[in-house]
Amino acid sequence: MAKELPGYGTINVPKDREVPFGAVTPAPVCTQDLFQTSNWRMKRPVKEDEKCTRCLVCYMSCPDACWEYKEAEDEMYWIANFCKGCQICIQECPTGALTAAPELDFPDGVVRLEKPF
Amino acid sequence: MQAFDYKFQKFEPLKSFKKAPELEVYVPGHRTCAGCGPALNYRLVAKAAGKETIFIGPTGCMYVANSSYLCTPYACSWIHAQITNGGAVASGIEAAFKVLARKGKHTGAFPNVIVMAGDGGTVDIGLQAMSAMMYRNHKVLFLCYDNESYANTGIQTSPTTPYGAATTFTPPGKEIPEGKVLFPKDPPQLVIGGHPAVKYVATTTVAHPLDLMNKVRKALTYEGPTFLHMLAPCPKGWLFDEKLTREMARLAVETGMWSMYEWEDGVYKYTNVPKKYKPVSEYMKHQGRFAHLKPEHIAKMQAFIDERVKAVKERVAIPIPTPKQTA
Ligand SMILES: Cc1ncc(C[n+]2csc(CCOP(=O)(O)OP(=O)(O)O)c2C)c(N)n1
Ligand code: SF4
Ligand code: SF4
Ligand code: SF4
Ligand SMILES: [Mg+2]
């Protein structure tokens with residue numbers, strides 16, 4: 001249903017997401033794809049793989065679970081869609097394998113999401 | 001008569017980061033601030049507890065910022081409670097599962113029932129419901145993620161906000177130059193002091209992930225109420241650079257602003273006790289909420305901490321073997 005908000009134009013709240021008071025919502029499985037936060041960040045962590053010891057500190061430090069250890073490839077994998085750019089992983093990495101790079105340096109940097117959330 | 005077997009879950013301690021469950025139960029895709037300490041805390045708790053868990057979320061950042069717009073990051077059961085009544089909602093859920101199990105209507109493992117409450121939802125507005133749950137001996141883990149303020153409504157002072165912190169309700173000014181004049185409550189001592197059914201209480205921080213996860217797992221193996229107090233720095237409210245979230249928690253332990261301990265049926269075990277405590281200014285200097293303080297205020301804080309640290313020494317800080325922290 002379309003709702004007028006002064007100064008904001010019209011937002012469409014899809015019927016299935018409109019709730020009167022309380023609601024039961026489906027639980028996410030691996031990621032909550034309805035709420036991507038990649039466009040929050042100004043810097044992103046970049047990894048120099050030779051320096052990475054797979055110590056998993058970055059994985060244990062990220063509030064947004066954006067580091068994953070891929071056992072088969074023996075590699076730390078960064079989840080771009082949700083990283084907010086807080087840089088905790090960079091601060092905590094004991095070997096200096098992670099550095100902060102400006103988001104605008106990347107072709108996919110600061111992409112506007114199709115949906116506001 | 002033999003005691004009924006509720007099929008409570010068992011948890012082994014984790015020996016290293018590699019041994020931690022891979023499964024994320026608090027998944028990415030939420031509206032908490034970048035670098036949010038409570039969000040990291042939530043993620044580690046959920047990872048340690050696993051999917052067979054019911055979280056009760058009293059109002060606060062870990063409800064509001066996580067469940068905005070009808071999408072939530074909880075990959076397990078979760079229910080909102082009023083900020084006042086996390087303990088009561090948890091009691092009802094636990095009691096219902098026990099009845100269902102006895103009637104044979106719930107045959108699986110008994111779910112972990114965990115209240116994830118803010119400091120306001122624990123030792124202030126949520127205190128009576130928590131205390132009553134503990135008094136009635138429910139098998140519930142009540143967990144306080146302490147960001148030292150009523151953060152979600154715009155950083156108002158709470159009973160755990162430290163002396164001297166600026167909040168929207170304790171702004172420093174001409175009349176009251178230090179901002180907050182009161183000294184904080186001590187949540188674990190409140191629980192230990194008055195709840196005979198509680199046999200396990202522990203403190204930890206987001207700078208000690210393995211210790212944190214192991215304390216969660218240990219608490220969950222108890223058949224009665226347990227309490228964990230977790231320091232979860234809040235970059236927005238404390239006004240520090242968000243990349244320092246874990247560093248703030250680490251400094252809190254190194255300066256004595258926070259003590260790491262377990263209390264098991266009357267016995268204290270302290271860990272991470274520094275040989276020599278750093279001055280509290282080492283911790284405070286990074287945080288905008290203390291920026292207005294004069295040397296005499298910092299001295300007052302130091303005196304308060306010195307006194308508190310004495311209690312640590314008196315309770316005999318014995319080093320217990322804990323898994324090695326990589327960071
Ligand atoms: C009875 C009641 N009073 C006030 C509020 C407003 N309120 C919503 S969140 C919040 C802050 C909660 O603080 P805390 O429990 O420390 O959690 P945090 O937001 O810091 O994570 C308050 C006061 C409310 N929801 N219910
Ligand atoms: S913290 Fe640094 S060294 Fe450790 S796994 Fe992550 S990138 Fe590699
Ligand atoms: S910058 Fe922050 S959000 Fe991004 S991967 Fe590192 S810790 Fe996670
Ligand atoms: S205000 Fe603090 S506790 Fe709340 S979401 Fe932001 S960083 Fe987290
Ligand atoms: Mg709080």
Side-chain angles (χ1 to χ4, degrees), chain A residues 11 13-14 16-19 22-38 40-43 45 53-71 79-95 98 100 115-117, chain B residues 16-20 22-44 46-47 51 55 65-80 206-210 212-213 232-233 235 241-248 250 325-327:
Chain A
I11 15 175
V13 180
D16 62 335
R17 293 180 71 190
E18 225 179 36
V19 276
V24 175
T25 62
V29 181
C30 295
T31 52
Q32 177 48 276
D33 294 326
L34 291 169
F35 205 100
Q36 305 207 12
T37 45
S38 54
W40 288 26
R41 66 175 178 261
M42 289 185 280
K43 300 258 176 80
T53 56
R54 281 74 172 157
C55 69
L56 305 187
V57 167
C58 50
Y59 158 74
M60 281 296 172
S61 302
C62 179
D64 297 273
C66 291
W67 285 105
E68 209 182 326
Y69 175 63
K70 295 229 159 149
E71 188 120 43
I79 302 172
N81 287 359
F82 295 96
C83 168
K84 293 171 182 167
C86 70
Q87 302 187 37
I88 296 179
C89 55
I90 302 171
Q91 170 78 19
E92 298 292 331
C93 173
T95 67
L98 300 178
K115 285 197 280 180
F117 54 80
Chain B
S16 68
F17 287 172
K18 282 226 161 71
K19 295 276 155 51
E22 242 176 81
L23 187 74
E24 301 292 344
V25 181
Y26 175 84
V27 304
H30 43 81
R31 205 173 53 112
T32 64
C33 306
C36 173
L40 175 57
N41 186 71
Y42 217 137
R43 186 187 149 223
L44 295 172
K47 190 179 251 316
K51 240 182 146 69
F55 278 111
N66 280 326
S67 60
S68 322
Y69 310 122
L70 287 186
C71 46
T72 76
Y74 321 110
C76 63
S77 296
W78 172 92
I79 185 172
H80 171 231
V206 292
H208 308 82
L210 209 51
L212 185 154
M213 289 190 288
D241 185 343
E242 64 217 15
K243 64 159 134 341
L244 297 179
T245 295
R246 286 190 65 201
E247 182 61 18
M248 282 308 112
R250 200 174 289 126
Q325 295 286 337
T326 342

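Within every chain, numbering begins at 1; the chains are lettered A, B, ... in the order of the sequence lines, protein sequences first and strands thereafter.
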As an exercise, state the distance from [atom1] of [X] to [atom2] of [Y], rounded to the nearest 0.5 Å.
X	Y	atom1	atom2	result
Cys36(B)	Ile88(A)	SG	CD1	8.5 Å
Lys19(B)	Leu56(A)	NZ	CG	11.5 Å
Cys66(A)	Glu24(B)	SG	CD	9.5 Å
Cys33(B)	Trp40(A)	SG	CH2	7.0 Å
Thr245(B)	Gln87(A)	OG1	CD	11.5 Å
Tyr26(B)	Gln32(A)	OH	CD	11.5 Å

Please report the closest heavy-atom contact between [X] and [Y], naming both atoms and the distance.
X	Y	result
Val57(A)	Phe17(B)	CG2-CE1, 4.1 Å
Pro28(A)	Pro73(B)	CG-C, 3.8 Å
Glu92(A)	Arg250(B)	OE1-NH2, 2.5 Å
Leu40(B)	Met60(A)	CD1-O, 3.6 Å

Measure distances from [X] to the heavy atoms of chain A and classify the residue's part below 4.5 Å as side chain, backbone, both or neither.
X	answer
His30(B)	both
Thr32(B)	both
Lys18(B)	both

For this session: Determine yes or no for a side-chain-to-main-chain donor-acceptor pair under 3.5 angstrom, with Arg43(B) supplying the side chain and Cys62(A) the backbone.
Result: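 Present.
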
Exercise. Which of the residues Gly35(B), Pro28(B), Gly29(B) is involved in the greatest number of heavy-atom pairs with chain A at under 4.5 angstrom?
Worked result: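 The residue among Gly35(B), Pro28(B), Gly29(B) with the greatest pair count is Pro28(B).
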
For this session: Identify which of Lys51(B), Glu242(B), Glu22(B) forms the greatest number of heavy-atom pairs closer than 4.5 Å to chain A.
Result: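 Most pairs with chain A among the choices: Glu242(B).
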
Exercise. Which bit of Thr25(A) comes within less than 4.5 Å of chain B, counting heavy atoms only: side chain, backbone, both or neither?
Worked result: side chain

